[in-house]
Amino acid sequence: MLSVTLRTLRIRWAGFTGSFVALSLGVALLTVMGLALASTADAPQRGPERFAAAPVVVRGQDTLRVPTPVGAHESPLAHPRPVPAATVARLRTLGPVVEDRAFPVRAAGGPVDLVGHPWSTAAFAPYELATGRAPRASGEAVVTGDWARPGQKVRTDKGSVRIVGTLTARGFENAVFFTDAQAARLDPSVAQFVVRADPPSVRKAVGGGAQVLTGDARRLADADPGRDGEALTAMNALFGTAGGVTAFVSVFVVASTFAFAVAQRRREFALLRTAGATPAQIRRSVLAEALAVGTLASAAGCVLGSHGAPLLAARVADEGLAPAWFTIGEHTWPYHAAFWTGLLVALCGATAASWRAGRTAPTEALREAAADRGPLTRGRLLCGAALLLTAVVTLPLALTADPSDLLHRKTYISRPMLLITATALLAPLVLRPLTRLLTCFPSAVGMLVRENTATGARRTAALAAPVLVTVALAGSLLGATATLNDAKTTETSDRTTAAFVVTPAGTAFDTATLHRLGAVPGARISPTSSTAVHVLEDGVALIRSEARAATPGDLAATTHLPLTAGRLGDLDDGSIVVNEEWQRHRVGDRVRVWLGDGTPRTLRIAAVMPTGTGGNGVYVTPRNAPGAGVDRVDVALEKGTDPGPVATALRRAIGPGGGEVLTRDAWIRATHPETNRTTRLGLLLVLGIALLYTGISVANTTVMAAADRVRDLAVLRLAGATRWQVLRLTAAEALTAVAAGALLGLLVTGVNLAGMWGALALLSVRPTVTLPWQALGTTALACALLAVVCATVPAALTLRRRPADLAGIRA
């Protein structure tokens, strides 16, 4: 059988090209993703940036550490504790102490991420003057980069400043440096201190009241020191998801390709069976073909992946999705994993086809070679029914057990795979009636398309299946994120009753501005602050919940909180409003929590909110949010008050550049959640992979089918059909299969989004299912163009010959 296998591969090389390309690309993607994952696992930490030349940095405690029976658990504090004044006094006896400040600055024509610092901290990066001089007086500033020139006047939200110098950019921030005195006036808070003294003396003076950072630990004093870890975690999720989808789609495409190839070769297998070949020999022959194709494709994919991984690393670093230093390391296990996975995919994809090839008797195979009478095998029917039953059963179980699980990204990415696979396996059951419905218009073309698609059921199913997968993935993934974002906006709309929402230009409003806002006639303000509360669940898990601090009376005037138990009016300095995600959420229970600055408190549960989309958080009073600045002011209007003058007075109260006054509807639109960039690119990568495989599968199916349809096309030409009529018929058949696949994909999308709709309803959210019609239309159109081009081009090339020659009629 080995010689037969080799000859088959040589003669039918075009039929195996699609499987080879799909498998090699899949292995290449798996290699790239594996190398990227391995490189993120052992990535080096970023060194200190702003304080690379500082001897010692003293910083307040910014981590909560809670001992548990299984070890200490840590969590970042929402409001790091300041360095105690007594500690600062002791440090000044050791040597010069430089106060560090960092505050956002908005400048006309400047970068959007400008941050202000005192000039004395510039030497610790160290920054070097490129032009000009250092600031010496109030109203002077030095900037990094070349967006401003010395002598230029720049308007900022901190007042107009004159640029007196520029610094060579270091790449980690866009900074503007003021004199130390002006920086202290603009931002009185001190983030940390640089001490020019030996570390042992500093540690002795500090004790346990603050952190002493030296060496590489000085990076913890930089802005967002954990951004590398967060970026690499996001990259792990991105590459892992893309790798999983690659494996799923490649198995699907390869299995479909082998199944269609075997269906086309029934007459060939029948002749082998007549010549004495046993069913086991036929199966071994098909598996040997898969082994040969799989080995070559996997090897080619590994080589292709080794060249693609560095390109991907450079691209994600350039786009800011990964740290600038991210590169692909030297690893061998991704090559082994990708190669053997590719080989396993090829063998698994060919297994079902091999059993079908060797199952029928010679006479039965010869009889079935004329038409497709049984496109759905018993094994395929059982597998499809089992997967469909699993999908039908697990969805209600998930809704009753934990509906919020359906809103998690991993769930709404992985769950559609189950239903997509089941639908694709069972598609031949509904394709015939569906294509008849799509071609029900009374015409000769409609009749021919209807009969051809019914006769070539395997060809139609092989063409519709990849379209189904692509459309279902596009609809399910993009629809899930859009539905979840709209649900969050609905939650915000339902609970916000304020007429206006005022937000600061910086991180928080100052006391004077709050007094001016409170004095606006006809307005009742409700200042709120962002904070966090930590709770220890089961005695071992330290959970951080985002929280808002507000005065209950003012909060009730501008916000309608959804409550399942208790009253908002019972919230006081000794209580807390929690949500149902908390392990203990019964009104009256007392819970031990740690506030945003790490202060332990025992609070009584005053009210309970539903889980919602997961962003309900908790509510406390301002006394239980030490260190939190007011970052939002909701404004309610007294009865009979005209909103126009109030809006004008609010803008006057915050001053020019001091913040933004938005109406309720404008604020809801402005805060509409958007899918973060990494997730969005990950979804686009997944859909790109699916569309790529769809193109490969469609092209392979139509090219393989073209050879078997030569006599059909010849008969049509001999019956009087023109060349263009035959091409239109071929295009119509392809479009019918694509339309059927798109409709089934839309059905799968609807079922998946219905599960999310049910989860949101059980979580007390008014759900609105959002279908991504633009993405669905674009995906279906791309599939249609691919199918039409791949179907008509081989037919056009075939029709260049005389009909008699095509039909094999000799003069």
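One side chain, Thr513 or Arg516, offers a donor N or O that lies under 3.5 Å from an acceptor on the other. Using a 3.5 Å distance cut-off with no hydrogens or angles, the side chains of Thr503 and Trp667 do not pair a donor with an acceptor. With hydrogens and angles left out, the side-chain atoms of Thr613 and Glu491 include a donor and acceptor closer than 3.5 Å. In summary, the side chains of Arg548 and Thr528 do present a donor paired with an acceptor at a separation below 3.5 Å, with no hydrogens or angles considered.
A salt bridge is absent between Glu128 and Arg170; no separation between the charged side-chain nitrogens and carboxylate oxygens falls under 4.0 Å. Under a 4.0 Å N-O distance rule, the pair Arg219/Asp216 does not qualify as a salt bridge. Salt bridge status for Asp100 with Arg59: absent, with no side-chain N to carboxylate O gap under 4.0 Å. A salt bridge does not link Arg106 to Glu660: none of the charged nitrogens lies less than 4.0 Å from a carboxylate oxygen.
Taking CG of Leu603 as the start and CG of Leu571 as the end, the distance is 9.5 Å to the nearest 0.5 Å. Rounded to the nearest 0.5 angstrom, Arg185 CZ and Asp180 CG are separated by 11.0 Å. Here Asp510 contributes atom CG and His515 contributes atom NE2; the two are 9.5 Å apart, rounded to the nearest 0.5 Å.
Side-chain atoms of Ile605 and Trp582, non-hydrogen and from C-beta on, never get closer than 4.5 Å to each other. No side-chain heavy atom of Ile525 sits under 4.5 Å from any side-chain heavy atom of Asp634.
Ring geometry for Phe177 versus Trp119: interplanar angle over 60°, hence perpendicular rather than tilted (30 to 60°).
Using a distance-only test at 3.5 Å, with no hydrogens or angles considered, no donor-acceptor pair links the side chain of Arg601 to the main chain of Gly574. With hydrogens and angles ignored, the 3.5 Å screen pairs a side-chain donor or acceptor of His117 with a backbone N or O of Arg101. Without hydrogens or angle criteria, Asp589 side chain to Arg584 main chain gives no donor-acceptor distance under 3.5 Å.
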